[in-house]
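Each chain gets a letter, A, B and so on, in the order its sequence line appears, and its residues count up from 1.
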2 protein chains.
Amino acid sequence: MRIRILIADDHVVVRQGIKTILNSLGEQHHVVAEAEDGREVLQLMDIHDVDVTILDISMPKLNGLETTRRLLKQRPQVKVVILSMFDDRISVEKALAYGASGYLVKDSAIEEVGQAIDAVYRGETYLSPSVAKYRQTFYHGMKNDYGRTETVINLTDKEREVLQLLAEGFTSKEIAVELNITFNTVNVHRKHIMKKLNIHKSADLVRYAIKEGIIRS
Amino acid sequence: MRIRILIADDHVVVRQGIKTILNSLGEQHHVVAEAEDGREVLQLMDIHDVDVTILDISMPKLNGLETTRRLLKQRPQVKVVILSMFDDRISVEKALAYGASGYLVKDSAIEEVGQAIDAVYRGETYLSPSVAKYRQTFYHGMKNDYGRTETVINLTDKEREVLQLLAEGFTSKEIAVELNITFNTVNVHRKHIMKKLNIHKSADLVRYAIKEGIIRS
DNA sequence: GAAGATGTAACCATTTTTGGGTATTGATAG
DNA sequence: CTATCAATACCCAAAAATGGTTACATCTTC
């Protein structure tokens, strides 16, 4: 077994780290190419025969998810492992919806990297333990034409409205006044938001809102 | 010349990458310890003799800048190189104000890592080319008693520590376990933080922490 | 040595959040 | 037409946050 691998990450220390980890795990993993951004990945795929690509999710010029989508449209047989600093449901679902076979968070244990590559090479999927729970959500959602639409996350209009106000620091009581609905209804919306986003504290909610550009810091 | 190095980054691939890079550069660099967050750094310094520490700027629990400040208060002879994904002026100026001797952006060339360590070991400062321009700004600011930490201040060491954990989404109970103090004491710290910052909700606290660079969303 | 800052710890009461139900209306999709 | 979804509203209980007070030991600073 000789697995040909392409590594894509804009940080040289990360690429170096992955290469070293793969070397330390044995002889079967061979890094045949490296890229600094998504467009470079697509170009390199014309030159090299690659079995598995490891794509950082946040690369300049063409991000990892978009790269996944385009790459697999051209070459469905290639396996993609997404490498990400984020372990939120949305990123994982997007990755799976776009056809990635693996999802590794960056603080994964060393052995995980090899396990993930071997698994996707065999045709399985591999998700880091901290995000494995989103696999169910994804397949469940797929029944209702999920994954097809770009909006993998499905907050309703009112929920987004409440989310923004929560993230901006309003209390439920204040939001009720603001939106002219009752305190109870606000709480229901918040419950639904938290359930959908798998968030359990307002602090996490604020960081989510900032990351998603719903509010600016 | 034998330089003893501590590497701190919450991502194992990054730590591995730096170690590999240092090994490839020759025999004089020895990684004697690794840490996943700032508090672990401070603990490890009691055990190991370290010449140079490489600190990621955005670590959980205690970020790189705050770690720098505390570390150098205890051990002024140690040299600190900040490793950052961000090349903004504020981060660089804060790093220098807190006493860091080097500032590396994460997409630095391989040789830069060794150059930075050697330079700070010799007592010089090293800034990545893309941020070197901020050195001037810093020295200009020094005239006005910079280094004293203007922005976040008013807050004591413990208060900043609690602030970061609160902003990262820990509950008071979890923070108590994390810091090995009682629930009551955590609440006192939080009360003081909120009073000093004139903040009344955890949501505002998170946004404040992000705005001040204490955490990164 | 006194004064002030810091970190620790406890007590209290009130408000807010979090999370679990159920139920009705209107709109929309199959 | 009907089944589902969105939005509304209410009930409940446990957990957590918020905000106030007091107290004491340590440490630095003047």
Requested in this report: Could you tell me whether Arg207(A) and Asp204(A) have a side-chain N and a carboxylate O separated by less than 4.0 Å?
Outcome: yes
Query raised in the report: Rounded to the nearest Å, what distance is computed from the CD1 atom of residue Ile193(B) to the P atom of nucleotide dT6(C)?
Result: 13 Å
Query raised in the report: Base, sugar-phosphate, or nothing: which does Asp157(B) touch, judged by heavy atoms less than 4.0 Å apart?
Result: sugar-phosphate
Requested in this report: Mind calculating the distance between CD (Glu159(A)) and P (dA7(D)) to the nearest angstrom?
Outcome: 6 Å
Query raised in the report: Taking for each residue the nucleotide of DNA chain C with the nearest heavy atom, is it Phe170(A) or His192(B) whose nucleotide lies nearer the 5' end?
Result: His192(B)
Requested in this report: Please determine if a side-chain N or O atom of Ser172(A) lies less than 4.0 Å away from the OP1 or OP2 oxygen of dT17(C).
Outcome: yes
Query - His29(B) to Gly114(B) - nearest heavy-atom pair and separation - result: NE2-O, 4.3 Å
**Report entry** Shortest side-chain distance from Thr171(B), nucleotide among dA17(D), dT21(D), dT18(C)
**Finding:** dA17(D)
Report summary line: Rounding to 0.5 Å, atoms CG (Asn23(B)) and NE2 (His30(B)) come to a distance of 9.0 Å
Query raised in the report: Separation of Asn187(A) atom CG from dT22(C) atom C1', in whole Å?
Result: 16 Å
Requested in this report: May I ask you to evaluate whether Thr156(B) reaches the phosphate of dT6(C), defined as a side-chain N or O under 4.0 Å from OP1 or OP2?
Outcome: no
Report summary line: Lys173(B) has its side chain closest, among dT21(D), dA16(D), dG20(C), to dA16(D)
Requested in this report: Check if the side chain of Lys195(B) and the base of dT18(D) share a donor-acceptor pair of N or O atoms closer than 3.5 Å.
Outcome: no
Report summary line: When rounded to whole Å, the NZ to P distance for the pair Lys191(B) and dT22(D) reads 12 Å
Query raised in the report: Nearest nucleotide by nearest heavy atom, which residue falls closer to the 5' end of DNA chain D, Ala203(B) or His189(A)?
Result: His189(A)
Report summary line: Here the distance between atom P of dA16(D) and atom CE of Met194(B), to the nearest Å, is 16 Å
Query - Residues Glu174(A) and Lys201(B) bridged, charged N to O under 4.0 Å - result: yes
**Report entry** Integer-rounded Å distance: dA9(D) P and Asn180(A) CG
**Finding:** 8 Å
Query raised in the report: Can you check the Glu161(B) CD to dT6(C) P distance for me, whole Å?
Result: 15 Å
Query raised in the report: Among the nucleotides dG19(C), dT8(C), dT18(D), which one has an atom lying closest to any side-chain atom of Arg190(B)?
Result: dT18(D)
Query - Separation between CZ of Arg70(B) and CD of Gln74(B), rounded to the nearest 0.5 Å - result: 10.0 Å
**Report entry** Phosphate OP1/OP2 of dT18(D) contacted by Lys201(B) side-chain N/O (<4.0 Å)
**Finding:** no
Query raised in the report: Heavy-atom distance under 4.5 Å between the side chains of Lys106(A) and Ser84(A), does that happen here?
Result: no
Query raised in the report: What's the CD1-C1' distance between Ile175(A) and dT16(C), to the nearest Å?
Result: 12 Å
**Report entry** Lys158(B) vs dT8(C): side-chain N/O to OP1/OP2 distance below 4.0 Å
**Finding:** yes
Requested in this report: Please work out if Phe183(A) contacts a base, only the sugar-phosphate, or nothing of the nucleic acid, heavy-atom cut-off 4.0 Å.
Outcome: base
Requested in this report: Among the candidates dA9(C), dT18(C), dA16(D), find the nucleotide nearest to the side-chain atoms of Ser202(A).
Outcome: dT18(C)
Report task. Using only side-chain N and O atoms of Asn184(B), determine if any of them is under 4.0 Å from OP1 or OP2 of dA10(C). Result -> yes
Report task. Mind checking Thr185(A) for me? I need base, sugar-phosphate or nothing, with any heavy atom below 4.0 Å counting as a touch. Result -> base
Query raised in the report: Would one find a side-chain N or O of Thr182(B) under 4.0 angstrom from OP1 or OP2 of dA10(C)?
Result: yes
